[in-house]
Amino acid sequence: MNVDVVIVGFGTVGQGVAEVIVRKAPALHSAFGEKLRLVGVFDSSSYELNGKGLDPREMIARKEKLGKVGPRLDGKTVPELLADFHYDVMVEVTPTNIQDGEPGLSHMMAALTSGKDVVTSNKGPLALKFKELAAAAKKNGARMRFEASVGGATPIINVSRDLLVGEKIHSIRAIVNGTCNFILNRMKEEGLPFEQALREAQELGYAEKDPSYDIDGIDSAAKAAILANAIFGRECTFHDVRRVGIRGVSLEAVSLAAAEKKVIRLVAEVSPTRLEVSPRLVPIGHPLAIGGTLNIFQLMTDLAGEMTVAGKGAGRLETASAVLSDLAALMKENCVAKGREL
Ligand SMILES: NC(=O)c1ccc[n+]([C@@H]2O[C@H](COP(=O)([O-])OP(=O)(O)OC[C@H]3O[C@@H](n4cnc5c(N)ncnc54)[C@H](OP(=O)(O)O)[C@@H]3O)[C@@H](O)[C@H]2O)c1
């Protein structure tokens, strides 16, 4: 049995997923009795489909060499080209668009509506239309998984949903934007004013030329909305998040915090009643006082008390590992549904 995968979006994450399919398909085959097989790849202007399977390494090499993956789309859309093509799972990894969720929203909706499973790292559709996507999945007997959309490689959603199934999670506090953390840390450690720390982050490639997505808390708010929906069963969107970014954090405020043995961090707080992203004072030594660009999640639970999950929030293979964990979860469910021994 094969699990036929189409990757939509063949940039950093898409190519990382192709690579991990090569590296991990044999192990998943021996664990679950099914073989992950790449049958389709799309980028913004070209595509390749082959029901007999594609060589993931060749697709990566082709993209690197030619800047495209196959024939031109010529005005056709991903849903149109996939309408009569057999596949099992769409890995949707096109750019996040927090305005209207496109093109990922249309891709995911088309796949789910035709009963295909979706695995994604794309925050936009989930932060804007989670309820609609979940409803489409339910109505059509499809599954949607999105571990990589929050925390990159840090397995917060699967840990919360699967491992803590008997626990009541009261709330989650998290640092989910490495760029903001880097800037706030540089301000404290080097005494740099905000603008200078931001310039440094841009020079090192942590922040975009237009940094507002990170520093105005948009990225963190999108992730908070996804967590609220996925873990607390809320029906909210990115627009429901109370959001304050770090533009207004002065060097003076950072120094005053340091004098009190505290740091300032951009913290996302999610619970059944709270949904907020804002700069907070955190005591030095507290898990949320984390430095560098790591992501961290602190869960407050009824039995286990406080626990933290930390890890990388981005990266080619790191993010692909989270996508792979979702693919493996789908394969495990298939295995159980078919009564095969694990
Ligand atoms: N990079 C990370 O570490 C990371 C971590 C967590 C989550 N994410 C999320 O994962 C997603 C992908 O990130 P990335 O870093 O891989 O982005 P990326 O490097 O910019 O790649 C995006 C890919 O999507 C393709 N694309 C754009 N519009 C398309 C369309 N209409 N149809 C088909 N393909 C289209 C692009 O095509 P071209 O190649 O032709 O431009 C490109 O191949 C984003 O939503 C991002 O927020 C990324």
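Counting starts at 1 for both ligands and their atoms, in listed order.
Ranking protein heavy atoms by distance to atom 12 (C) of ligand 1, first place goes to Val93 O, 3.2 Å. In this structure, the protein non-hydrogen atom closest to atom 47 (O) of ligand 1 is Thr96 OG1, 2.8 Å. The nearest heavy-atom contact from the protein to atom 10 (O) of ligand 1 is Ser121 OG, 2.6 Å. In this structure, atom 15 (O) of ligand 1 lies nearest to the protein heavy atom Thr12 CB, 3.5 Å. Nearest protein heavy-atom contact of atom 48 (C) of ligand 1 is Val13 CG2, 3.6 Å. From the protein, the heavy atom lying nearest to atom 40 (O) of ligand 1 is Ser44 OG, 2.6 Å. The protein heavy atom nearest to atom 3 (O) of ligand 1 is Gly315 N, 2.7 Å. For atom 21 (O) of ligand 1, the nearest protein heavy atom (residue, atom name, distance) is Gly11 CA, 3.3 Å.
In the hydrophobic clustering (ILVMFWY side chains linked at under 4.5 Å, chained through shared members), Ile296 is joined by Ile175, Val263, Val267, Val282, Ile284, Leu288, Ile290, Leu294.
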Between Asp210 and Ser212, is a side-chain hydrogen bond (donor to acceptor under 3.5 Å, both in side chains) present by the stated rule, with each step listed?
CA-CA 6 Å; Asp210 173 6; Ser212 58; 2.9 Å; yes
Begin from the C-alpha positions of Asn185 and Arg265 and carry the test side-chain hydrogen bond (donor to acceptor under 3.5 Å, both in side chains) through to its verdict.
CA-CA 9 Å; Asn185 210 36; Arg265 291 287 177 262; 3.2 Å; yes
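Annotation for ligand 1: atoms under 4.0 Å from non-hydrogen atoms of Asn122 are 45 (O). The distance from ligand 1 to the heavy atoms of Gly9 drops below 4.0 Å at these ligand atoms: 23 (C), 24 (O), 25 (C), 34 (N), 43 (O). For ligand 1 and Ala148, the ligand atoms under 4.0 Å from any heavy atom of the residue are 6 (C), 7 (C).
Relative to atom 39 (O) of ligand 1, the option among Lys63, Lys223, Glu92 with the closest non-hydrogen atom is Lys63. In this structure, of Thr94, Val17, Thr319, Asp43, the residue bringing a heavy atom nearest to atom 11 (C) of ligand 1 is Thr94.
Judged by distance alone, the side chain of Glu102 and the main-chain N or O of Ser106 form a donor-acceptor pair under 3.5 Å. Proximity of a side-chain donor or acceptor of Asn177 to a complementary backbone N or O of Ser220 within less than 3.5 Å is not detected. The backbone N or O of Ala225 sits less than 3.5 Å from a side-chain atom of Asn229, completing a donor-acceptor pair. Remark: side-chain polar atoms of Asn140 are not paired, donor with acceptor, to backbone N or O of Lys116 under 3.5 angstrom.
Protein heavy atoms are found less than 4.0 angstrom from atom 34 (N) of ligand 1.
Within a 6.0 Å sphere centred on NZ of Lys131, other residues, nucleotides and ligands contribute 12 heavy atoms or fewer.
Ring-plane geometry between Phe130 and Phe146 is classed as perpendicular, the angle between the planes exceeding 60 degrees on a 0 to 90 degree scale with a lower cut at 30.
Not one N or O of Pro103 is nearer than 3.5 Å to an N or O of ligand 1, by distance alone. Taking distance alone, with nitrogen or oxygen atoms compared against 3.5 Å, Phe10 approaches ligand 1 more closely than that limit.
Not close to ligand 1: Glu102, with no non-hydrogen atom less than 4.0 angstrom away. Close to ligand 1: His107, with a non-hydrogen atom less than 4.0 angstrom away.
Thr308 is not listed as a side-chain neighbour of Leu299, based on a closest heavy-atom distance of 4.5 Å or more. Side chains of Met300 and Arg173 form a contact here, defined as non-hydrogen atoms less than 4.5 Å apart.
Contacts between Pro95 and ligand 1, counted as non-hydrogen atom pairs separated by less than 4.0 Å, involve both the backbone and the side chain. Neither the backbone nor the side chain of Arg316 has a heavy atom within less than 4.0 Å of ligand 1.
A distance of 14.0 Å separates CG in Leu126 from CZ in Phe238, rounded to the nearest 0.5 Å.
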